[in-house]
Undergrad: 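One structure, pasted below without further comment.
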Amino acid sequence: MAKPGYGKRSAPGQQARAREDFSLLPARERYVAGFVDHLPDGASMSVKQLAKQLPLYGQQAISTALKALSVAGHLRRVRCSVGAGEETRWVFRTFWSRTARDNEWWTTYLATETASQTAAPAPAPEAPARPEVPASARQAPEPTAVPPQRTPPQAPDTQPAQPPGPSPAYLALARLGRDDIRLGLSADDCTALEPLAAQWLDRGVTTDYLTSTLKAGLPAQIDSPAGLLRRRLIDKLPPQLPATPSTPAGTPTPARRLLVECTDCGRPGPPEALPDGLCRPCHTTHSAGGPPSPDPTQIAAVKAHMANLRDLLKPV
């Protein structure tokens, strides 16, 4: 039962276990609650895993029992985001309380930082540091005696130094003629325009942005590609964006607020918007004692439609 999936988290302030626990619940809910109450923290409480461990009931019965336990104030399904930036992911937890709690208690507790820290996954244990060997215990190996050998004279390095490759700005200009023959530049033209193109790259744009801007809206005939590109590099120079201010090291990380999930359909929302752990449609259905009965006219229309389909399927 240590598999992930709505891992159990015990709520604080519970009363000690007693024989009278869950005595006011129906037999099925009392059976499921007794089993869940003895699970360790971190154990999976998904419907599928619980149905595997409780052979008396299937997944539909377990789901209905969990919904009843949520309404009775014993559990709340929550989700919490962990990570930062593109590494953000959701973790799902089930807070369990042997002592039944009302909606006000659950709303207050789930809004606290303690609940957020409890729902967050535990950090991975660090590898133990290797014991440091004292300096006195470290003994340098005795050097091995090597007979003197004559070292041949080394030839001087006759290879010439490799010249630096072309800059990204130079390469971007040189590729323009490959993409559009009207913008073919000579080597001297690329060298002359290289400083202007480098100013674009210094302002944070990419070479793709540079080349696409230079190639956009070209006339049908270009007599001087170098003159046209020089004019465009000067006139269309992008603005200098200010540096993004970095967050000070002492700034505390904002606490992540938990979202409660509807125990029936899984719709998320703030704790105060899901009384009894149920969203508004599911709460309305539960309060009404079950799904509303269908309209008799709708039943007749469905029967007529099915009869028509059967007639169409009959062989001619």
Side-chain angles (χ1 to χ4, degrees), residues 1-9 22 24-36 39 43-82 86 88-96 100 103 106-107 110 119 257-316:
M1 294 295 291
K3 299 179 181 179
Y6 296 100
K8 178 183 175 182
R9 295 294 186 271
F22 318 116
L24 300 179
L25 296 175
R28 180 183 59 187
E29 283 70 17
R30 184 167 62 250
Y31 176 74
V32 175
F35 177 80
V36 170
L39 289 176
S44 174
M45 284 186 58
S46 66
V47 173
K48 186 175 182 179
Q49 289 296 329
L50 289 178
K52 289 181 178 180
Q53 300 294 322
L54 302 175
L56 294 181
Y57 301 105
Q59 295 187 25
Q60 185 63 38
I62 295 295
S63 177
T64 304
L66 292 178
K67 181 173 66 174
L69 292 175
S70 177
V71 174
H74 291 288
L75 67 86
R76 288 293 186 270
R77 300 276 208 195
V78 301
R79 63 170 63 177
C80 177
S81 62
V82 296
E86 298 181 355
T88 302
R89 60 186 179 89
W90 290 98
V91 294
F92 303 87
R93 301 287 183 254
T94 301
F95 279 95
W96 172 260
N103 290 319
W106 279 115
T107 301
L110 294 178
R257 190 181 183 189
L258 296 178
L259 290 179
V260 177
E261 276 195 1
C262 176
T263 311
D264 192 7
C265 68
R267 180 179 300 174
E272 60 273 10
L274 283 84
D276 297 332
L278 301 176
C279 64
R280 187 182 299 275
C282 295
H283 196 277
T284 302
T285 303
H286 179 80
S287 301
S293 57
D295 190 356
T297 58
Q298 295 180 354
I299 298 178
V302 171
K303 290 183 177 180
H305 180 66
M306 295 303 298
N308 186 29
L309 290 178
R310 293 191 189 98
D311 293 339
L312 292 175
L313 294 176
K314 291 181 179 179
V316 179

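Because the structure is a prediction, the values reported are computed rather than measured.
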Undergrad: Between F22 and W96, how do the two ring planes meet: parallel, tilted or perpendicular, split at 30° and 60°?
TA: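 Rings of F22 and W96: tilted, as their planes differ by 30° to 60°.
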Undergrad: Say you draw a straight line from CD1 of I62 to CZ of F35; how long is it, rounded to the nearest 0.5 Å?
TA: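 Rounded to the nearest 0.5 Å, the CD1-CZ separation comes to 9.0 Å.
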Undergrad: Can you confirm whether more than 12 heavy atoms, excluding those of L313, are under 6.0 Å from its CG atom?
TA: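 Yes.
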Undergrad: Please examine the side chains of Y57 and T64, heavy atoms only from C-beta on, and report whether any two atoms are closer than 4.5 Å.
TA: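 Not in contact.
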Undergrad: Under the 3.5 angstrom rule, does the side chain of S70 hit a backbone N or O of L66 as a donor-acceptor pair?
TA: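 Not at all, since once roles are kept as given, no pair shorter than 3.5 Å links the two residues.
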Undergrad: So do V32 and L25 actually touch side chain to side chain, heavy atoms under 4.5 Å?
TA: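 Result no, sub-4.5 Å side-chain heavy-atom pair not found.
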Undergrad: Please examine the side chains of D311 and K314, heavy atoms only from C-beta on, and report whether any two atoms are closer than 4.5 Å.
TA: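 Answer yes - side chains close enough.
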Undergrad: Would you say that V36 contacts L54 through its side chain, given a criterion of any heavy-atom pair below 4.5 Å between the two side chains?
TA: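 When only atoms from C-beta onward are counted, L54 and V36 do not touch, as no gap falls below 4.5 Å.
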Undergrad: Looking at C262 and C279, what are the two nearest heavy atoms and their distance?
TA: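 Smallest heavy-atom distance, with atoms named: SG-N, 3.4 Å.
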Undergrad: Give the minimum heavy-atom separation between A51 and G58, together with the two atoms involved.
TA: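 Shortest heavy-atom contact: CB-C, 4.2 Å.
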Undergrad: If you measure from NE2 on H305 to CZ on R310, what distance do you get to the nearest 0.5 Å?
TA: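 Result: 10.5 Å between the selected atoms.
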Undergrad: So which of R77, R79, K67 actually passes salt bridge (Lys or Arg N to Asp or Glu O under 4.0 Å) with E261?
TA: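 Considering R77, R79, K67, a salt bridge (Lys or Arg N to Asp or Glu O under 4.0 Å) with E261 is found only for R79.
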Undergrad: What residues, two or more places apart in sequence or in another chain, satisfy side-chain hydrogen bond (donor to acceptor under 3.5 Å, both in side chains) together with D276?
TA: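 Partners of D276 by the side-chain hydrogen bond (donor to acceptor under 3.5 Å, both in side chains) criterion, ordered by chain and then number, come out as N103, H283.
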Undergrad: Rounded to the nearest 0.5 Å, how far does OG1 of T94 lie from CG of L69?
TA: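 So the gap between those two atoms works out to 11.0 Å.
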Undergrad: Minimum heavy-atom separation for L274 and P270, please, with both atom names.
TA: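 Looks like CD1-O, 3.4 Å.
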Undergrad: Mind checking whether R9 and V78 have side chains closer than 4.5 Å, heavy atoms only?
TA: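 They are not in side-chain contact.
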Undergrad: Is the backbone of P281 close enough, under 3.5 Å, to the side chain of T285 for a donor and an acceptor to pair up by distance?
TA: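 Flag set: sc T285 to bb P281 pair under 3.5 Å.
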Undergrad: Report the residues that fulfil side-chain contact (heavy atoms from CB on, under 4.5 Å) with A68, sequence neighbours left out, ordered by chain and then residue number.
TA: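 Counting only residues at least two positions away or on another chain, A68 forms a side-chain contact (heavy atoms from CB on, under 4.5 Å) with E29.
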Undergrad: Considering residues, nucleotides and ligands other than R28, do more than 12 of their heavy atoms fall under 6.0 Å from its CZ?
TA: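 Yes, enclosed.
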Undergrad: Measuring from S63:OG to D264:CG, what's the distance to the nearest 0.5 Å?
TA: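 If we round to the nearest 0.5 Å, S63:OG and D264:CG are 6.0 Å apart.
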Undergrad: Is there a side-chain contact between Q49 and K52 (heavy atoms, below 4.5 Å)?
TA: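 Of all side-chain heavy-atom pairs linking K52 with Q49, at least one is under 4.5 Å.
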Undergrad: Show the numbers, then the answer: is there a side-chain contact (heavy atoms from CB on, under 4.5 Å) between W90 and L259?
TA: CA-CA 10 Å; W90 290 98; L259 290 179; 3.8 Å; yes
Undergrad: Measure the shortest side-chain to side-chain distance between R76 and L258 over non-hydrogen atoms and say whether it is less than 4.5 angstrom.
TA: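 The answer is no; the side chains never approach within 4.5 Å.
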